[in-house]
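All values below come from the heavy atoms of this structure, side chains included, with hydrogens, waters and symmetry mates left out.
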Amino acid sequence: MVDFVGGSASGRELLDSGFADDVTIATDLDATDVVPVLMDGAFVPLGHRAAAARNRVQAAAR
């Protein structure tokens with residue numbers, strides 16, 4: 001799996017920039033039970049939509 005990800009354009013960019021460990025970490029299976037979801041331009045853990053909504057309201061108030 002590391003070879004597959006490392007062979008992608010993004011993987012090669014990481015490897016060329018000295019971030020081989022990041023490629024390895026990206027291929028770990030079942031490493032976490034949190035799924036990041038992109039909401040309003042930021043990744044938040046799935047199930048934390050209330051926090052994302054609160055952050056959205058706070059950002060709009062600024």
Practice task
Under 4.5 Å between side-chain heavy atoms, chaining through other members, with only Ile, Leu, Val, Met, Phe, Trp and Tyr counted: pull out the rest of the cluster around Leu29, sorted by chain and number.
Solution key: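 Besides Leu29, the cluster holds no residue at all.
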
Practice task
Could you identify which residues cluster with Phe43, counting Ile, Leu, Val, Met, Phe, Trp and Tyr as linked when any side-chain heavy atoms lie under 4.5 Å apart, either directly or through a chain of such contacts?
Solution key: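 Noted: Phe43 shares its cluster with Leu38.
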
Exercise for the section: Could you tell me which residues satisfy side chain to side chain contact (heavy atoms under 4.5 Å, CB included) with Val23, sequence neighbours excluded, listed by chain and number? Expected result: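 Expected list: Val2, Val5, Leu14, Leu15.
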
